[in-house]
Structures are given as structure tokens and as C-alpha cells.
Amino acid sequence: MLLAGGGNTGHVFDDFALKLREHYRLYAMTRRGSPPSSIPEDSYSADSLGDDVVAVIKALKLTKPILMGHSYAGFELSNVASRYPEQIAAVIYLDAFHSLDPDYESRRDLQNRRMETATA
């Protein structure tokens, strides 16, 4: 499942997808707020964007897809991977943001501390 960067639609992957389609079934997703749709002043939360990705996975009845995203799509990748790891097989960041979401960073830090404690 291909997730476009900010300001792009899923069609940004059209040429790239041609190289992958022989081996994979591909879906490209355009997030809400991408042109030509409007964006609220306070934007969308990482959770709402992540929930949208999971809703598409469920609507398409995909079983553990690999999510691949570019740039701003890193927010969705990180959010889905941390909140719904059972829904996906893997995430691939293509020059993508990790997160600027303080709630996500707090959850990630807590998970890291738990792993450090478990392995100590």
C-alpha cells in the first residue's frame, strides 16, 4: 500500500508502481487534506490519518499489507505501526518523516524503556 507525501496524490507513484506490479498487488492512497480537498487550520492529527489508513485496509480486506510512504506519509506509517501493528506486515519509509507528534513520541519512548527493561 503506497502512501503519498504531502501535497501529492497516490498518482505520484504511477511510474514507480510499474516496477513493482509484476510482483505485488499495489494500492495507492491519497490522504484527506491533499489537493484538491481542503485542510482545516489545525490540520489533521496523526491518529486520524492513521485511522484512515486502517479504514482503507479494512475496506479493501487486505491481510497484513506492507505500507510504503514518502515524506509526510511517515506520520501515517509511524502511527499505524505503533497503534495497529497486528494490521500490517511492515513499513517502508522512503525519505519520510518519522514523527512530530508528541503523543506518538511519548508512546515510542515508553515502548523503548519497556524493551530496555525486558532485555536488561
Side-chain angles (χ1 to χ4, degrees):
M1 191 168 173
L2 305 170
L3 306 176
N8 290 309
T9 69
H11 288 290
V12 73
F13 292 111
D14 286 352
D15 292 335
F16 181 65
L18 293 174
K19 299 173 194 290
L20 298 174
R21 71 178 183 178
E22 185 176 324
H23 302 285
Y24 302 97
R25 175 172 289 158
L26 302 170
Y27 297 92
M29 183 176 160
T30 301
R31 90 181 43 76
R32 66 168 87 195
S34 293
S37 66
S38 62
I39 303 172
E41 281 187 32
D42 59 348
S43 192
Y44 293 105
S45 72
D47 284 350
S48 67
L49 295 174
D51 290 344
D52 288 347
V53 172
V54 172
V56 170
I57 291 169
K58 289 179 180 180
L60 294 173
K61 298 179 181 166
L62 302 179
T63 304
K64 292 196 157 254
I66 296 171
L67 302 181
M68 183 184 304
H70 173 257
S71 186
Y72 189 83
F75 293 124
E76 287 105 323
L77 297 176
S78 296
N79 189 275
V80 173
S82 67
R83 293 176 56 226
Y84 303 103
E86 71 286 349
Q87 295 287 326
I88 59 172
V91 293
I92 300 171
Y93 293 80
L94 301 173
D95 195 23
F97 289 95
H98 178 261
S99 176
L100 295 177
D101 181 346
D103 291 336
Y104 168 78
E105 296 299 333
S106 296
R107 288 191 301 268
R108 183 187 60 123
D109 290 344
L110 178 61
Q111 289 171 339
N112 287 342
R113 285 194 298 273
R114 286 180 183 158
M115 287 186 345
E116 289 169 2
T117 302
T119 58

_Connected-component partners of Phe13 among ILVMFWY, side-chain separation under 4.5 Å_ = Leu2, Val12, Phe16, Leu20, Tyr24, Leu26, Ile66, Met68, Ile92, Leu94

*Crowded around Glu22 CD? As in, over 12 foreign heavy atoms under 6.0 Å?*
no

*If you look at every heavy atom in Leu3 and Ala73, which pair is closest and at what distance?*
O-CB, 3.4 Å

Give every donor-acceptor pair under 3.5 Å between a side-chain atom in residues 49-62 and any protein atom, sequence neighbours left out.
unit_1 : atom_1 : unit_2 : atom_2 : d
Asp51  : OD1    : Arg83  : NH1    : 3.1
Asp51  : OD1    : Arg83  : NH2    : 2.9
Asp51  : OD1    : Tyr84  : OH     : 2.8
Asp52  : OD1    : Arg32  : NH2    : 2.7
Asp52  : OD2    : Arg32  : NE     : 2.5
Asp52  : OD2    : Arg32  : NH2    : 3.2

*Between Gly10 and Ala28, which heavy-atom pair has the shortest distance, and what is it?*
O-CB, 3.5 Å

*Nearest heavy-atom pair of Lys64 and Ala89: which atoms, and what distance?*
O-CB, 3.3 Å

*Give, for atom CG of Asn8 and atom NE2 of His70, the distance between the pair rounded to the nearest 0.5 Å.*
7.5 Å

*If you measure from CD on Gln87 to OG1 on Thr63, what distance do you get to the nearest 0.5 Å?*
9.5 Å

_Quick check for you: to the nearest 0.5 Å, what is the distance between Asp47 atom CG and Glu76 atom CD?_
11.5 Å

*OH of Tyr93 to CG of Leu67: how many Å apart, nearest 0.5 Å?*
9.5 Å

_Under 3.5 Å: donor-acceptor pair, side chain of Ser82, backbone of Asn79_ = yes

